[in-house]
Peer 1: 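Starting off with a structure, shown below.
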Amino acid sequence: MAIATRGSSVTFVNQDPVLHNVHGYYYIGNDRSTAFNFAQPTKGQSSSQQLRKPGMVNVECDAGHTWMSSWIWVTDNPYAAVTNANGSYSIDGLPPGTYTVVMWHEGWKIVDTQPGGRPVFSGAVVEQHQITVPAGGSTNADFELK
């Protein structure tokens, strides 16, 4: 999982001596549309792609490497975080006010298999907490993934 701000670019590098095809899909509501789709046939080849829409982007390899998948959260603001190895996170600089904090975790249970062998995982787990950040203070939003 990675986070990027809308309009920024992400760079993909092929570190293998085999063909990869990098296919990114926007997930906005129930819409799955292509964000980018390009081949990287040689080791060391890189390509930068601009992320034009906010929302979730799933990145897959369409060159038969069904285990290769990642996610990028594209946001319109800098108030986002990815947890560390211990599951902790912090969002610094949030102005005082009331907010909804959303936790998203990709599905991890295999529920089916697509033609070609790519596993289909259970749906993402999404939880929300409303928080109020006081002036000059901080607050906590704890999530439990079961």
Side-chain angles (χ1 to χ4, degrees), residues 1-97 99-131 133 138-146:
M1 175 73 174
I3 297 174
T5 304
R6 179 170 58 151
S8 65
S9 294
V10 292
T11 301
F12 299 90
V13 180
N14 182 354
Q15 297 180 344
D16 301 320
V18 298
L19 166 71
H20 289 293
N21 189 77
V22 184
H23 197 162
Y25 299 93
Y26 284 113
Y27 281 88
I28 301 171
N30 292 324
D31 178 36
R32 177 179 155 123
S33 60
T34 295
F36 46 82
N37 187 9
F38 59 93
Q40 286 192 308
T42 57
K43 183 174 183 175
Q45 183 175 357
S46 69
S47 177
S48 294
Q49 301 294 314
Q50 187 178 35
L51 300 168
R52 292 177 166 74
K53 299 178 186 177
M56 194 61 73
V57 176
N58 180 219
V59 182
E60 300 176 349
C61 178
D62 288 343
H65 305 123
T66 58
W67 61 91
M68 299 180 81
S69 177
S70 66
W71 295 90
I72 304 169
W73 173 246
V74 183
T75 179
D76 273 331
N77 64 65
Y79 306 115
V82 174
T83 59
N84 64 20
N86 296 324
S88 299
Y89 71 98
S90 66
I91 301 173
D92 297 325
L94 195 61
Y99 302 93
T100 300
V101 180
V102 179
M103 183 273 310
W104 180 93
H105 190 288
E106 67 182 298
W108 60 89
K109 295 179 184 177
I110 297 176
V111 296
D112 201 356
T113 304
Q114 293 177 349
R118 184 177 299 278
V120 176
F121 293 96
S122 57
V125 176
V126 180
E127 287 189 28
Q128 299 182 36
H129 293 301
Q130 190 170 29
I131 62 159
V133 178
S138 64
T139 191
N140 291 325
D142 295 327
F143 298 90
E144 184 176 349
L145 191 60
K146 297 178 184 181

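Just the heavy atoms: all of them, side chains too, but no hydrogens, waters or symmetry mates, feed the values below.
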Peer 1: Can the ring centres of F12 and F36 be said to be less than 6.0 Å apart?
Peer 2: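 Distance test on ring centres: under 6.0 Å, yes.
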Peer 1: Determine, step by step, whether N14 and T42 satisfy the side-chain hydrogen bond (donor to acceptor under 3.5 Å, both in side chains) criterion, reporting the C-alpha distance in whole Å, the side-chain angles of both residues, the deciding distance to 0.1 Å, and the verdict.
Peer 2: CA-CA 7 Å; N14 182 354; T42 57; over 6 Å; no
Peer 1: So, taking the atom named OG in S8 and the one named CZ in R52, what distance separates them when rounded to the nearest 0.5 Å?
Peer 2: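 CZ of R52 is found 11.5 Å from OG of S8.
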Peer 1: Looking only at heavy atoms, what is the nearest atom pair of S48 and S9, with distance?
Peer 2: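 Heavy atoms of S48 and S9 come nearest at CB-CB, 4.5 Å.
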Peer 1: Mind checking whether W73 and M1 have side chains closer than 4.5 Å, heavy atoms only?
Peer 2: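 SC-SC contact between W73 and M1 confirmed.
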Peer 1: Determine whether a donor-acceptor pair (N or O, by modelled atom type, separation under 3.5 Å) exists between the side chain of Y26 and the backbone of K53.
Peer 2: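 At least one qualifying donor-acceptor pair exists.
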Peer 1: With rounding to the nearest 0.5 Å, note down the distance linking NE2 in H20 to CD in Q15.
Peer 2: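 Reported to 0.5 Å precision, the distance equals 9.0 Å.
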Peer 1: Partners of Q40 by side-chain hydrogen bond (donor to acceptor under 3.5 Å, both in side chains), sequence neighbours excluded?
Peer 2: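 Residues passing side-chain hydrogen bond (donor to acceptor under 3.5 Å, both in side chains) with Q40: none at all.
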Peer 1: Check whether any side-chain heavy atom of L19 sits under 4.5 Å from a side-chain heavy atom of N21, and report yes or no.
Peer 2: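 With C-beta onward as the side chain, the pair stays apart.
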Peer 1: So Y25 and V57, side chain to side chain contact (heavy atoms under 4.5 Å, CB included) or not? Walk me through it.
Peer 2: CA-CA 5 Å; Y25 299 93; V57 176; 5.9 Å; no
Peer 1: Mind checking whether V120 and I110 have side chains closer than 4.5 Å, heavy atoms only?
Peer 2: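 Answer no - side chains too far apart.
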Peer 1: Decide side chain to side chain contact (heavy atoms under 4.5 Å, CB included) for Q130 and V101; before the verdict, give the C-alpha distance in whole Å, the side-chain angles of both, and the deciding distance to 0.1 Å.
Peer 2: CA-CA 6 Å; Q130 190 170 29; V101 180; over 6 Å; no
Peer 1: Is there side-chain contact between W104 and M56, with heavy atoms separated by less than 4.5 Å?
Peer 2: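 The answer is yes; the side chains approach within 4.5 Å.
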Peer 1: Check whether any side-chain heavy atom of N37 sits under 4.5 Å from a side-chain heavy atom of D62, and report yes or no.
Peer 2: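 SC-SC contact between N37 and D62 confirmed.
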Peer 1: Is Q114 atom CD crowded by more than 12 heavy atoms from other residues, nucleotides or ligands, each under 6.0 Å away?
Peer 2: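 Check passes, neighbour count above 12.
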Peer 1: Quick one, W108 and L145 - any side-chain contact, counting heavy atoms below 4.5 Å?
Peer 2: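 Yes, their side chains come closer than 4.5 Å.
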Peer 1: Kindly determine whether T75 and I3 satisfy side chain to side chain contact (heavy atoms under 4.5 Å, CB included), including the steps that lead there.
Peer 2: CA-CA 7 Å; T75 179; I3 297 174; 4.1 Å; yes
Peer 1: Keeping the roles fixed (side chain from N77, backbone from Y79), state whether a donor-acceptor pair exists under 3.5 Å.
Peer 2: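 Judged by distance alone, yes, a pair lies under 3.5 Å.
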Peer 1: Measuring from atom CD of E127 to atom NE2 of H105, what distance do you get when rounded to the nearest 0.5 angstrom?
Peer 2: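 Going from the CD atom of E127 to the NE2 atom of H105 covers 11.5 Å.
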Peer 1: What heavy-atom pair brings G107 and F121 nearest, and what distance separates the two atoms?
Peer 2: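 Result for this residue pair: O-CB, 3.7 Å.
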Peer 1: Would you mind reporting whether V133 and P95 have side-chain heavy atoms less than 4.5 Å apart?
Peer 2: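 Of all side-chain heavy-atom pairs linking V133 with P95, none is under 4.5 Å.
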Peer 1: According to the salt bridge (charged side-chain N to carboxylate O under 4.0 Å, His left out) rule, which pairs have a member within residues 33-48, sequence neighbours left out?
Peer 2: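 Residue pairs passing salt bridge (charged side-chain N to carboxylate O under 4.0 Å, His left out), neighbours aside: none found.
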Peer 1: Any chance you could lay out the side-chain hydrogen bond (donor to acceptor under 3.5 Å, both in side chains) test for T11 and S46, step after step, and finish with the verdict?
Peer 2: CA-CA 7 Å; T11 301; S46 69; over 6 Å; no
Peer 1: Quick one, H23 with T34, criterion side chain to side chain contact (heavy atoms under 4.5 Å, CB included). Give me CA distance, side-chain angles, the key distance, then yes/no.
Peer 2: CA-CA 7 Å; H23 197 162; T34 295; 3.0 Å; yes
Peer 1: Taking the six-membered ring for Trp, are the ring centroids of H129 and F143 within less than 6.0 Å of each other?
Peer 2: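 Yes.
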Peer 1: Quick one: closest heavy-atom pair of N58 and S70, and the distance?
Peer 2: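 Shortest heavy-atom contact: ND2-O, 2.9 Å.
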Peer 1: Would you check if V10 and Q50 make a side-chain contact, meaning some heavy-atom pair closer than 4.5 Å?
Peer 2: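 Side-chain contact under 4.5 Å: no.
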Peer 1: If we ignore hydrogens and angles and just use 3.5 Å, is the side chain of N140 paired with the main-chain N or O of D142 as donor and acceptor?
Peer 2: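 Absent.
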Peer 1: Can you tell me which residue pairs pass the salt bridge (charged side-chain N to carboxylate O under 4.0 Å, His left out) test with a partner in residues 73-94, sequence neighbours excluded?
Peer 2: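 Output for this query lists R6-D76.
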Peer 1: Using every non-hydrogen atom in the two residues, find where W67 and G64 come nearest and quote the distance to one decimal.
Peer 2: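 Result for this residue pair: CZ3-O, 4.1 Å.
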Peer 1: Given the ring of Y27, does R32 sit roughly above its face, with NZ or CZ under 6.0 Å from the centre of the six-membered ring and within 45° of the axis?
Peer 2: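 Cation-pi check for R32 and Y27: fails.
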